[in-house]
Number of protein chains: 2
Amino acid sequence: MAILGFLRDFPLHGYDLKNRVASLAGHVRPIADGTLYPTIKKLEDAQCLTRRTAPGSVAAPRHMLEITQTGTDQLRRWLRDPEPGFVTDDNKWYVLLAFLHHLENPREQALVLARRREFLDQPAQLFFDEQGAPIPPERLESPFRKGLMQIHRSTNLTEIDWLDRQVADLNRRAGFTVHQRDGS
Amino acid sequence: MAILGFLRDFPLHGYDLKNRVASLAGHVRPIADGTLYPTIKKLEDAQCLTRRTAPGSVAAPRHMLEITQTGTDQLRRWLRDPEPGFVTDDNKWYVLLAFLHHLENPREQALVLARRREFLDQPAQLFFDEQGAPIPPERLESPFRKGLMQIHRSTNLTEIDWLDRQVADLNRRAGFTVHQRDGS
DNA sequence: GTTTTCTACCTCGGAGTCGATATATCTTGT
DNA sequence: ACAAGATATATCGACTCCGAGGTAGAAAAC
């Protein structure tokens, strides 16, 4: 998703992609060559991107990669109907968010944000006693577990706040669009 | 790490572990049987835990798992000197945090928190233009990317604040410990 | 009395990722 | 002229994890 998402902005070569994906995914965890290049080849085989060999501006020749219509469609499908992990895994969610603007339709964007919002809404019960009964934060003995739940709660509220404002904004814009369409 | 960490609290059987690990790791993403049971076997082979077959209180017979001294040592090694991913990956970091109290020595605990603090300190540069120059948040066109960086910044500050207070507290306690030891 | 459901454990194949290794190109230093 | 180092692409083996499937016991539903 990150590869096609970045290529949707402008054509890039593998080495450049590597750095950009590394900065984004789980912030600045370098992505391995053994992961990147086979994935590029896979996307090429699936006709999601084309490559043109260009002389290296600095060093060895580059393979300039360009997204195709098939690739754009694929990217939009991934964004519109993300796998569960992209909603529940913070790292994956942030990758999705970084490219959600490629999904153009505000209503569809709002629906994806709503899925995240729904996930964040379920109360976190992280720790249980021997009988399997949930332990409330104030009864936790470990200060680290207490902090973990505090941070979790606080960051969730921050994101929920942003999500709500964003969804409202998107629905407003979608409403305008409908109104304009109705009026024409 | 999560398996040994939970067993350090009290003995559990595999099925129970499954639910507890699922609640913790990346909050409520179920862990697959195909991951759990081979890992338990691996830990058993490494003498990190022992198993006793007990009659199932509800249904099929259970394998009650207990951590050994070797297992406790292994857990403490993982906590004391975590792999890079446990500091840079949010999900893994939260798992580590959930068991950091098993590391008993406040000074060692503080050192681990300091590693996380150091990681959070480096400024996040997530997006770059065609020339490779970083794009500041206010010049981002996508509201999602803008929000992504806002949320990232805000949640980082929340965690940094907690980390600083916690490290100070731990160092204070470590100081007391040294003083008591000196005085005795 | 039979099926379904929940508990509980285990294995196999496939997919994805990494780390190590190899190769080629161009620039820079000596 | 040559070596060193950054750029750039690619492959291979090892490892991890998941999902699908299988076994089995006990309780609940029909």
Side-chain angles (χ1 to χ4, degrees), chain A residues 1-4 6-7 11-22 24-26 28-46 49-66 78 83-86 88-89 91-92 95 128 131-132, chain B residues 1-3 6-7 11-22 24-26 28-46 49-65 78 83-86 88-89 91-92 95 128 131-132:
Chain A
M1 186 196 282
I3 291 172
L4 291 183
F6 276 122
L7 290 180
L12 289 166
H13 53 97
Y15 195 78
D16 201 350
L17 260 175
K18 185 180 149 182
N19 296 324
R20 287 168 195 266
V21 174
L24 181 60
V28 198
R29 179 169 48 89
I31 182 171
D33 287 357
T35 306
L36 180 66
Y37 289 106
T39 307
I40 290 174
K41 180 163 275 181
K42 232 180 87 179
L43 289 169
E44 194 188 8
D45 290 346
L49 56 83
T50 56
R51 75 171 82 194
R52 277 181 309 110
T53 301
S57 69
V58 187
R62 302 161 162 178
H63 293 185
M64 290 305 287
L65 307 173
E66 255 177 282
W78 281 335
E83 288 167 30
F86 277 91
T88 59
D89 183 305
N91 291 334
K92 288 188 180 184
V95 171
F128 303 86
Q131 278 71 45
Chain B
M1 186 195 283
I3 291 173
F6 276 122
L7 290 181
L12 290 166
H13 54 99
Y15 195 78
D16 200 351
L17 259 176
K18 186 180 150 182
N19 295 325
R20 287 168 194 266
V21 175
L24 181 60
V28 198
R29 180 169 48 88
I31 183 171
D33 287 357
T35 306
L36 180 66
Y37 289 106
T39 307
I40 289 174
K41 179 162 276 182
K42 233 179 86 181
L43 288 170
E44 194 188 9
D45 289 346
L49 57 83
T50 56
R51 76 171 79 197
R52 277 182 309 110
T53 302
S57 69
V58 185
R62 302 160 160 178
H63 293 186
M64 292 303 288
L65 307 172
W78 281 335
E83 287 167 30
F86 277 91
T88 58
D89 184 305
N91 291 333
K92 289 189 179 182
V95 171
F128 304 86
Q131 278 72 47

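Bear in mind that the values here come from a model prediction, so they are computed numbers and not experimental data. Computed from heavy atoms alone, side chains included, the values below leave out hydrogens, waters and symmetry copies. To find a chain, count down the sequence lines: A is the first, B the second, and so on, and within it residues start at 1.
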- prompt: Phosphate oxygens OP1/OP2 of D:dA10: is one of them under 4.0 Å from a side-chain N or O of A:Arg51?
  reply: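 So the side chain of A:Arg51 is within the cut-off, an N or O lying under 4.0 Å from OP1 or OP2 of D:dA10.
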message: Can you see if the side chain of B:His63 gets near the phosphate of C:dC10 - specifically, an N or O under 4.0 Å from OP1 or OP2?
response: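 So the side-chain polar atoms of B:His63 do come within 4.0 Å of the phosphate oxygens OP1 or OP2 of C:dC10, strictly under.
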Length of the line joining [X]:[atom1] and [N]:[atom2], which is rounded to integer Å:
| X | N | atom1 | atom2 | value |
| --- | --- | --- | --- | --- |
| A:Tyr15 | D:dT9 | OH | P | 9 Å |
| B:Ile3 | C:dC9 | CD1 | P | 12 Å |
| B:Leu12 | C:dC9 | CG | P | 11 Å |
| B:His13 | C:dC6 | NE2 | C1' | 13 Å |
| A:Glu83 | D:dC18 | CD | P | 14 Å |
| B:Asp89 | D:dT16 | CG | P | 17 Å |
| B:Lys41 | C:dC9 | NZ | P | 13 Å |
| B:Ile40 | D:dC17 | CD1 | P | 13 Å |

Distance, nearest 0.5 Å, that separates [atom1] of [X] from [atom2] of [Y]:
| X | Y | atom1 | atom2 | value |
| --- | --- | --- | --- | --- |
| A:Leu17 | A:Ile3 | CG | CD1 | 6.0 Å |
| A:Met64 | A:Thr53 | CE | OG1 | 11.0 Å |
| A:Leu65 | A:Leu43 | CG | CG | 9.5 Å |

query: How does each nucleotide of nucleotides 12-18 of chain C score, in 5' to 3' order, for protein heavy atoms under 4.0 Å: base (B), sugar-phosphate only (S), or none (-)?
result: ----SSB
field: Qualifying residues under ring-ring contact (aromatic ring centres under 6.0 Å, His included), relative to A:Phe6, sequence neighbours excluded
entry: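 For A:Phe6 the ring-ring contact (aromatic ring centres under 6.0 Å, His included) partners, ignoring immediate neighbours, are A:Phe99.
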Partners meeting side chain to side chain contact (heavy atoms under 4.5 Å, CB included) with B:Ile31 (sequence neighbours left out):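 B:Ile31 satisfies side chain to side chain contact (heavy atoms under 4.5 Å, CB included) with B:Lys18, B:Val21, B:Thr35 once adjacent residues are dropped.
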field: B:Arg62 side chain reached by B:Asp16 side chain, heavy atoms, under 4.5 Å
entry: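 The answer is no; the side chains never approach within 4.5 Å.
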message: When you compare the side chain of A:His13 with that of A:His63, does any pair of heavy atoms fall below 4.5 Å?
response: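 No, side chains not in contact.
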Verdict with supporting geometry, B:Phe128 and A:Arg20, side chain to side chain contact (heavy atoms under 4.5 Å, CB included): CA-CA 7 Å; B:Phe128 304 86; A:Arg20 287 168 195 266; 3.7 Å; yes
Rounded (10°) bend between the five-pair end axes of the helix from C:dG1-D:dC30 to C:dT30-D:dA1: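 For the helix from C:dG1-D:dC30 to C:dT30-D:dA1, the axes at either end differ by 20°.
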- prompt: Got a sec, which residues hit salt bridge (Lys or Arg N to Asp or Glu O under 4.0 Å) with B:Glu83, two or more places apart in sequence or on another chain?
  reply: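 B:Glu83: no salt bridge (Lys or Arg N to Asp or Glu O under 4.0 Å) contacts found.
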